[in-house]
Amino acid sequence: MIAPSILSADFARLADEIAAVDGEPGKRADWLHVDVMDAHFVPNLTLGLPVVQSLLKATDIPIDCHLMIEDPDRWAIGYAEAGAYNVTVHVEAAKDPIAIAKDLRAAGAKAGLSIKPGTPLEPYVDVLRHYDTLLVMSVEPGFGGQKFIADVLDKVRRARQLIDTGHLKLVVEIDGGINADTIEQAAEAGVDCFVAGSAVYNADDPARAVEALRAKAAPAFAHVRR
Ligand code: DX5
Ligand code: ZN
């Protein structure tokens, strides 16, 4: 799956920018990745629930909310109740990640847990039994257009192993620095869903960029087989 991140889109033309990746099947976004930042958990400020509510009305593409915010225990539920398909919180910010996952699921959303590049996976394996999505950050969260940190692929491989052996049931998503040069190695490591901001929205034709990314990932994905 390819999840274009609107962080790199033109915020004054969001509906048009979404429509650009909402076309024919091969070029269509699977999820639309929406980065919510609060200027506390990360040193950047983007958008919040009112904008997400409007985006939900503007598209049928499942919305994937990535909450880079403090106190997700309080705020995440609103995004699920609004109708986001997947709501991801950061384990570094969550006080009770299991309770968050239960609340998100009860509200009808998939529950996602994200780990920053320096955060290990192993302490959270039990917590992840309550989640649907693991979002592995491959840049420090906060900004688009940063360089891919390949070291995080060890965590992707470990997650894939836990899934393949039946210990976890998760979509493995990666976020940060994904482009035509990096997507294959991520696919080989076991990623299911690729967030791409600048690689899609800085391209002349975002829909073709989605198609090109999918074409690069697919052989590696098929090779690993899941
Ligand atoms: C960064 C965000 C990403 C960002 C990725 O903190 O979580 O979703 O949009 O941008 P690129 O793909 O340009 O690295
Ligand atoms: Zn993101």
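We count residues from 1, following the sequence as given. When a ligand or atom number is given, it counts from 1 through the structure's own listing order.
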Margin query: Out of Ser138, Gly177, Ala196, who is nearest to atom 14 (O) of ligand 1 when you count heavy atoms only?
Written below: Gly177
Next item on the list: Out of Leu7, Val42, Asp175, indicate the one that has the non-hydrogen atom closest to atom 5 (C) of ligand 1.
Entry: Asp175
Item checked: Worked check of side-chain hydrogen bond (donor to acceptor under 3.5 Å, both in side chains) between Thr133 and Asn86 -> CA-CA 8 Å; Thr133 308; Asn86 182 77; 2.8 Å; yes
[X] neighbourhood, listing ligand 1 atoms whose heavy-atom distance to it stays under 4.0 Å:
| X | answer |
| --- | --- |
| Pro141 | 6 (O) |
| Met68 | 6 (O), 7 (O) |
| Val195 | 8 (O) |
| Gly176 | 14 (O) |
| His66 | 7 (O) |
| His33 | 8 (O) |

What protein heavy atom is closest to [atom], reported as residue, atom name and distance in Å?
| atom | answer |
| --- | --- |
| atom 1 (C) of ligand 1 | Phe143 O, 3.5 Å |
| atom 9 (O) of ligand 1 | Ser5 OG, 2.7 Å |
| atom 10 (O) of ligand 1 | Gly144 CA, 3.5 Å |
| atom 12 (O) of ligand 1 | Gly197 N, 2.8 Å |

Do [Y] and [X] meet the salt-bridge criterion of a basic N to acidic O distance under 4.0 Å?
| X | Y | result |
| --- | --- | --- |
| Arg160 | Asp192 | yes |
| Asp181 | Lys216 | no |
| Arg28 | Glu211 | no |

Provide the closest heavy-atom pair for [X] versus [Y] in the form atom of the first, atom of the second, distance.
| X | Y | result |
| --- | --- | --- |
| Val87 | Ala80 | CG2-N, 3.8 Å |
| Gly177 | Phe148 | O-CB, 3.5 Å |
| Pro117 | Val139 | CG-O, 3.2 Å |
| Val200 | Ala196 | CG2-O, 3.6 Å |
| Ser8 | Tyr201 | O-CB, 3.3 Å |

Next item on the list: Run through the protein N/O/S atoms less than 2.8 Å from the Zn ion (ligand 2) and write them out by chain and number.
Entry: His33 NE2, Asp35 OD1, His66 ND1, Asp175 OD2
Note to self: Can you tell me if Ala199 contacts ligand 1 (heavy atom of the residue under 4.0 Å from the ligand)?
What the structure shows: no
Item checked: Same apolar cluster (I L V M F W Y, side chains within < 4.5 Å links), Phe143/Val195 -> no
Notebook entry, point to check: When clusters are formed by joining ILVMFWY residues with side-chain heavy atoms under 4.5 Å apart, either directly or through shared neighbours, do Leu113 and Val171 land in the same one?
Noted result: no
Next item on the list: Using the ring of Tyr131 (Phe, Tyr or Trp, six-membered ring only), decide whether Lys169 places NZ or CZ under 6.0 Å from its centre and within 45 degrees of its axis.
Entry: no
Margin query: Below 3.5 Å, N or O to N or O, backbone or side chain included: is there any such pair between Gly142 and ligand 1?
Written below: yes
Next item on the list: Would you check the N or O atoms of Ile178, main chain and side chain alike, for any that come under 3.5 Å of an N or O of ligand 1?
Entry: no
Check: Using a distance-only test with no angle check, is there a side-chain donor-acceptor pair under 3.5 angstrom linking Thr46 and Asp35?
Finding: no
Next item on the list: Could you list all the salt bridge (Lys or Arg N to Asp or Glu O under 4.0 Å) pairs where at least one residue sits in residues 45-73, not counting sequence neighbours?
Entry: Asp71-Lys95
Notebook entry, point to check: What part of Ser198, side chain from CB on, backbone N/CA/C/O, both or neither, has a heavy atom under 4.0 Å from ligand 1?
Noted result: both
